[in-house]
Each structure stands twice: as structure tokens, then as C-alpha cells.
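Down below is the structure, laid out as C-alpha cells.
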Protein chains: 2
Amino acid sequence: MSQSNFIPTLADVAKKAGVSTATVSRCLNSPDQLSQATRKKVMSAVAELGYAPNFNAQSLAARRTNTVGAIIPTMDNAIFARGLQAFQEELGNLGKTLIVASSSYRPDLELEHIKTLTARGADGLLLIGYDRNPEIYNFLKQRDVPSLVAWAYQTDTDQTSVGFNNEKAIRPLIEEVIALGHRNIAFISAPKKNNDRARDRVTGVRMAMQRAGLDPRSLKLIETPYSIENGQAAFQKLVALDCPPTVAMCGNDVLAAGAIKQAKEMALSVPDYISITGFDDIELASLAEPQLTTVHVPHKAMGKIAAQMLGKMIDQQIVESQELSTELRLRGTLTTPRACKLK
Amino acid sequence: MSQSNFIPTLADVAKKAGVSTATVSRCLNSPDQLSQATRKKVMSAVAELGYAPNFNAQSLAARRTNTVGAIIPTMDNAIFARGLQAFQEELGNLGKTLIVASSSYRPDLELEHIKTLTARGADGLLLIGYDRNPEIYNFLKQRDVPSLVAWAYQTDTDQTSVGFNNEKAIRPLIEEVIALGHRNIAFISAPKKNNDRARDRVTGVRMAMQRAGLDPRSLKLIETPYSIENGQAAFQKLVALDCPPTVAMCGNDVLAAGAIKQAKEMALSVPDYISITGFDDIELASLAEPQLTTVHVPHKAMGKIAAQMLGKMIDQQIVESQELSTELRLRGTLTTPRACKLK
DNA sequence: TCAAAAAATGTAAGCGCTTACATTGACTTT
DNA sequence: AAAGTCAATGTAAGCGCTTACATTTTTTGA
């Protein structure tokens with residue numbers, strides 16, 4: 001307790017202010033219960049000592065942490081980084097702190113993080129997508145921790161969510177592709193396993209093909225984790241095919257960026273030789289050359305709304321799932337297929 | 001305590017295993033102190049009850065949190081997102097959790113977050129850059145919280161850091177610019193106030209000009225926060241000048257991307273009419289058209305090393321600041337100035 | 001003016017852990 | 001066989017807060 005790094009406690013403040021610890025606690029948590037005079041006394045003691053409450057003690061005693069956890073696949077993807085940034089800002093407004101963990105798209109890691117965050121007493125959890133072991137949902141229910149699913153929206157579940165329906169979101173895009181005359185379609189997707197968003201996008205494409213009288217099984221599908229390099233590799237595989245597709249639709253913009261890059265390296269004209277589309281509309285999309293045709297997703301808004309919803313859920317309020325709308329962004333990488341121009 | 005959402009405590013485990021709470025605690029924290037038999041008993045009780053320690057109680061009692069805090073300007077910038085992702089992964093390996101806060105480049109917010117994170121008992125703090133009120137450093141010292149500065153490296157301070165010297169990092173780039181014959185140079189920087197990294201880059205440029213016999217005051221400097229739009233606006237201002245520069249050097253790649261975009265919109269050829277350079281070498285850089293000449297920074301490695309260093313600092317080990325090296329990436333956006341080709 | 005109600009404050013029992021210290025046996029030594 | 005070691009475990013005192021309940025003070029109303 002040398003004067004140099006002495007950390008004051010509630011009791012120190014109480015002594016200095018000449019009141020009980022309960023009063024100090026009240027002064028900090030519900031000031032209106034105190035008389036003006038006492039409040040002033042306490043406040044100046046707080047200021048003088050530079051007191052800051054010990055968070056752990058606070059949480060332990062009050063049984064709430066004012067902390068929410070978010071488990072995202074990776075921060076190293078603009079869409080999550082951006083959404084999380086907004087999420088965190090709004091959380092700050094609500095007086096809550098964020099703890100982030102990333103699962104690297106691995107269910108086992110996700111489970112582990114969920115347990116850790118729960119042990120830390122997270123008041124609520126933000127999860128990405130629906131797909132996970134029911135065991136996890138049971139655990140959450142058992143622990144009574146509210147959780148919000150983001151980046152996805154489904155109606156056939158009681159899990160609250162904020163996001164969009166991926167199947168529906170990709171629909172205008174695939175319909176445009178088909179309308180332009182494409183019949184030889186490829187899709188570069190993230191691995192569909194454990195990833196409902198990726199899966200729903202593919203399903204959306206297949207359904208539209210069916211509706212248009214095309215054989216959904218004719219879709220050339222490649223699954224590969226999101227990254228520029230993987231996008232390049234997948235694209236290369238596609239154009240090496242006997243009968244290369246006239247359009248390479250991509251599960252997200254990062255993959256699409258890889259495809260564009262590879263096309264350039266191979267001196268294949270986009271979109272004249274082959275069209276390319278993305279999903280997400282990150283900055284990259286409008287910076288690419290030509291600009292990427294993609295589906296715009298309101299990541300920032302989603303993060304903000306997620307924070308508000310989770311805040312309410314933590315306060316035991318009933319919250320309805322919220323569907324956000326996405327928007328087709330037609331830009332330069334999509335045109336009619338090479339074989340049937342002017343068809 | 002209904003069977004449904006009953007959360008077991010240490011005491012419950014102890015009772016079930018027929019031992020004292022101390023034994024259970026030891027079993028979890030230093031198992032080798034126990035006899036094989038007891039350990040087994042305890043472990044199975046733990047498993048049976050699905051026990052997980054309450055983090056807050058743990059921290060309160062043990063006076064350490066196994067948590068580190070990071071305060072970054074924004075997650076919404078690939079460099080920090082990437083660095084942080086690596087930081088967090090490595091932290092996970094060390095059994096520590098990360099709490100992130102973002103300051104939005106505002107010193108007041110940074111201070112506030114530092115206080116919050118300290119109150120939460122963060123065992124250590126990751127900070128970006130050196131520039132901050134001495135009051136903050138005093139606070140940290142007083143509270144005895146180890147802190148590591150990243151994304152910068154300076155020798156004339158006792159604050160431990162991991163990063164690179166921004167002045168030095170930009171040197172090969174500006175020297176190349178000058179060597180190519182550019183004499184009318186512009187620099188689009190982030191606001192230099194409270195941002196040593198931005199400032200050092202400008203200083204580096206000025207110093208090189210001086211060394212080359214150019215007047216450093218002739219540097220056309222624009223300060224604007226990092227964003228594509230701001231890059232565009234700044235670039236527009238530059239080319240509207242009576243005597244537009246032959247090269248627009250940018251404080252980072254995001255600004256540079258904006259500049260390239262604007263150049264395209266104005267149909268000004270890059271690099272023939274005007275050269276553009278960036279800093280950071282984010283994915284964008286090699287995706288742009290033409291590819292951006294920039295300075296490569298090892299963000300991922302920095303994040304990882306930062307975690308290791310901070311881990312050691314928390315364990316009271318002495319740690320030396322570490323300098324990382326950057327590398328010039330000459331690509332397509334830089335060439336000789338229009339006025340003096342073949343000079 | 002005085003009892004009753006309301007407001008302000010104090011008392012003290014935890015919250016779920018860790019850990020210094022005490023205790024208990026089982027083994028060594030001599 | 002007594003004394004000393006040492007490993008394994010138990011006891012219990014906190015860690016710094018919150019909050020139910022008790023107590024005191026002030027306000028109110030008739």
C-alpha cells in the first residue's frame with residue numbers, strides 16, 4: 001500500500017467521505033437515492049482518490065457483467081470487421097463492453113469460446129449464422145444467456161436473429177444472370193458445411209435455375225475457404241474446364257476479387273470472356289477494375305441494430321427477429337455470355 | 001436452483017467429490033499437487049456437473065484476469081483488423097482473452113477506454129503508436145499495468161514497443177520518387193495531430209527531400225482522415241491546383257485507393273499523368289488497377305509478436321522493444337513525372 | 001404538534017473463488 | 001521408537017463489491 005501504486009477501493013472512498021460503503025455504492029449506481037449533500041461528498045472523495053470500481057468485484061456481487069461476447073468466424077474479413085465496429089460502438093453507448101473471439105469457421109473452437117465467454121459471465125452473445133450443434137443452443141438455454149444470431153434471418157426457428165435471408169438476397173442477382181442468357185453457370189462458394197449463409201446462397205441459385213427451367217445439377221460448384229488466393233485457384237480450375245462457364249458467381253467479394261485478379265493474370269477479359277459476380281459489396285467491389293457486380297449488404301446497420309437488440313434481450317425484453325434488406329448492385333463485371341451475344 | 005438452470009459452483013463440485021473447495025481449486029490450477037486418486041474424483045465430479053469456474057470470482061480472488069485489452073483507432077481498417085486477428089489468435093494460445101475497444105482516433109475516448117479496461121483488471125494493454133498524453137502513461141505506471149505500443153518503434157523512450165520506424169519505412173519510397181525525377185510532390189496524410197505514425201511519414205518525406213537538395217517546404221501537404229472518399233476529395237483538390245503535382249503520395253493505401261478511383265473518374269491516367277503511392281500494402285493494393293506502389297508492413301507478424309511480448313511483460317519478464325522491417329513494393333502506379341520523361 | 005409515511009443511510013451477509021496457514025499421516029533417519 | 005520430513009488435504013480469511021433488511025432522519029397530513 002505504498003503511496004505510489006495504491007489502488008483505492010470502495011471502502012477507502014467511504015472512509016474519506018465519512019459514509020458507509022453502501023452509500024458510496026448507491027452514489028455510483030443510483031445517485032438519485034441520495035441527498036444532494038451526501039452525493040457531493042462522495043463524488044469529491046471519488047475524484048480525490050481517483051477511484052474506479054473493480055469490475056470483477058462488481059460483477060461478482062451484482063451478478064451481471066455489462067459485457068457481451070461476440071464470436072465471429074474471423075476479424076480478417078471486412079464484413080465482420082465493419083459490422084463488429086458498429087456493434088461495438090453502439091454497445092459503448094449502452095455502457096457495455098465487448099469481448100471478441102474468433103472461431104476460424106471451426107465449430108469446436110466456437111463451442112470452446114462460447115463456454116469461455118459464458119464463464120466470464122457475458123450477459124449476452126452475438127453469434128454468426130444459425131448453423132451449430134443443438135448442444136450449443138441447449139447449453140445457452142441452460143445457462144440462460146441470451147444470444148442473437150446475425151448475418152442470417154430465418155423464420156422457422158425461435159432463435160432471435162438480425163440479418164437477411166441469403167437465399168432471397170442472391171435471387172435478383174442469379175435471375176439477372178439467367179436473364180442475360182447465361183446457361184453455363186459456375187459458383188465458387190465457401191465450404192457449405194457448418195455455414196448456412198454459404199449454403200443458402202447456393203440454394204438460392206439452384207432454385208432460380210429450376211424456376212427458369214434449367215437443370216440445377218448443371219451448376220458448376222467449387223467450395224473453398226474465403227480468400228483471394230483461393231478465389232484465384234478456383235477460377236483457374238473453372239476456366240481449365242472442357243467447357244468453361246460463361247459466368248463465375250462467387251460466394252463473396254473476396255473470392256470474386258481473386259477471380260478477377262486471376263482473369264487478369266490469364267489475360268481473360270472480364271466481362272467479355274467471362275462474367276464475375278460477388279456478394280457483400282465491400283470497398284474492394286467498387287475499386288476493382290471493372291467494378292464488381294455484387295449484392296449489397298448493410299453490415300454497419302446490422303452491427304448497430306444487433307447491439308440494440310441484444311441490449312433489450314439482456315434487459316429481458318421480448319425482441320422480434322429483424323430482417324434487413326439487401327440490394328443488387330449491377331456494375332461492370334456482369335454482361336451477356338460470350339456464346340450468345342445478341343441472342 | 002431449479003434443476004433446469006442451475007449453475008454449479010466450486011462448492012458443489014467439492015461436495016460431490018467429497019473434498020474441500022481448496023482441493024478442487026488446486027485440482028484445476030495445479031493438478032500435480034494432488035494425489036492421483038483425488039484428482040480423478042474431482043475431475044469426474046467436474047465433468048458430471050458440467051462445472052466451469054466463474055471468471056469474475058476467480059479474478060477477484062486471484063488478482064489477475066488473464067485478460068488483455070487492446071485499444072485501436074478503428075477495427076474498420078484492414079491493417080488493424082488483420083493485426084488484431086493475429087494478436088488474438090496468439091493470445092488464445094497463451095490462455096488469455098482479448099477485450100477490444102476503439103478510440104476512433106480520439107484521445108479522450110482512448111483515455112476513457114484505458115480506464116475502463118484497467119478497472120476490468122486487464123493484465124496488460126496494447127496501444128497503437130506513441131502519441132498520447134503523458135497523463136496516460138503516468139496512470140498506467142501508477143496502476144502498474146504493462147503496456148505495449150504497436151505499429152511504431154522509437155528508441156528514445158522507455159516505453160516498450162513493437163513495430164517499425166515510420167520515418168525510415170517511407171524512406172526508400174520517397175527516395176525512389178525523387179530518383180525518378182519528381183520535383184512537384186504532394187502528400188495526402190492522415191491528420192498529424194495525435195498520430196505519430198502519420199507525422200513520421202511526412203517527416204521522412206521532408207527529410208529525404210532536404211537530403212536531395214529539394215525544398216521540404218515545397219511539399220504539397222493535405223491532411224484528411226483515412227477513407228476512400230477523403231482520398232478522392234484530396235486528390236481532386238491536388239489536381240485542381242495551378243501546378244498539379246506529378247506524384248500524389250498517400251499516408252496509407254486506403255487514401256491511395258481513393259486517389260486512384262478519383263483519377264479514373266476524372267480520366268487522368270495513372271501513372272502517366274500522375275503517380276500515386278500508398279503505405280501498408282493491404283490486399284487492395286495489389287488488386288487495384290494499376291497495382292499500387294506501396295510500402296509493405298508485416299501486420300500479421302506484428303500482431304503475433306505483440307501477443308508474445310505482452311505475455312512476457314505480464315509475467316514480469318524484461319522485454320526489449322522489437323523493430324520490424326518494412327519493404328518497398330514497386331508496382332504499377334509510380335513512374336517518371338510527365339514533365340520530364342527521359343530527363 | 002405528533003404519529004405515520006417516506007426518504008436517506010447504515011449493517012452485514014454474501015457473490016464464487018484463491019491461498020496462507022494449520023493439520024494429518026506416512027516415511028525416513030538415527 | 002522417537003523425532004523430523006514431506007506430501008496431501010482441510011480451514012477459513014479474504015478479494016471488492018451489491019443489496020436485503022434494519023435503522024435513523026425528514027417530511028407530511030390532520
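Keep in mind that what you see is a predicted model, and the values were worked out from it rather than measured.
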Which nucleotide sits closest to the side chain of [X]: [options]?
{"X": "B/Asn54", "options": "C/dC17, C/dT18, D/dG10", "result": "C/dC17"}
{"X": "A/Thr21", "options": "D/dT18, D/dA8, C/dT9", "result": "D/dT18"}
{"X": "A/Leu60", "options": "C/dT18, C/dG16, D/dC17", "result": "C/dG16"}

Open item on the list: I want to check something: taking the side chain as every heavy atom from C-beta on, are A/Thr160 and A/Val149 in contact at a cut-off of under 4.5 Å?
Closed with: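 No, side chains not in contact.
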Task: Closest non-hydrogen atom pair, A/Tyr51 against A/Pro8 - done: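 Smallest interatomic distance, heavy atoms only, reads CD1-O, 3.5 Å.
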Can you measure [X] atom [atom1] to [N] atom [atom2] for me and round it to whole angstrom units?
{"X": "B/Lys15", "N": "D/dG10", "atom1": "NZ", "atom2": "P", "value": "15 Å"}
{"X": "B/Arg63", "N": "C/dA20", "atom1": "CZ", "atom2": "C1'", "value": "12 Å"}
{"X": "A/Arg64", "N": "C/dC15", "atom1": "CZ", "atom2": "C1'", "value": "13 Å"}
{"X": "A/Leu49", "N": "D/dG16", "atom1": "CG", "atom2": "P", "value": "14 Å"}
{"X": "A/Leu10", "N": "D/dT18", "atom1": "CG", "atom2": "C1'", "value": "9 Å"}
{"X": "A/Ile7", "N": "D/dC17", "atom1": "CD1", "atom2": "C1'", "value": "15 Å"}

Less than 4.0 angstrom between a side-chain N/O of [X] and OP1 or OP2 of [N], yes or no?
{"X": "B/Ser20", "N": "D/dG10", "value": "yes"}
{"X": "B/Ser25", "N": "C/dC17", "value": "no"}
{"X": "A/Asn56", "N": "D/dG16", "value": "no"}
{"X": "B/Gln58", "N": "C/dG16", "value": "no"}

Tell me what [X] touches on the nucleic acid: a base, only sugar-phosphate, or nothing, going by heavy atoms under 4.0 Å.
{"X": "B/Thr38", "answer": "sugar-phosphate"}
{"X": "A/Ala22", "answer": "base"}
{"X": "B/Ser35", "answer": "sugar-phosphate"}
{"X": "A/Leu34", "answer": "sugar-phosphate"}
{"X": "B/Tyr51", "answer": "sugar-phosphate"}

Open item on the list: For a quick check, tell me whether the side chain of A/Arg26 and the base of C/dG10 share a donor-acceptor pair closer than 3.5 Å.
Closed with: yes
Open item on the list: Under 6.0 Å between ring centres: does that hold for A/Phe164 and A/Trp151?
Closed with: no
Open item on the list: Both conditions, 6.0 Å and 45 degrees, for the charged tip of A/Lys304 above the ring of A/Phe87: are they met here?
Closed with: no
- [ ] State the CZ-OG distance between B/Arg39 and B/Ser44, to the nearest 0.5 angstrom.
- [x]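 Output value for this atom pair is 13.0 Å.
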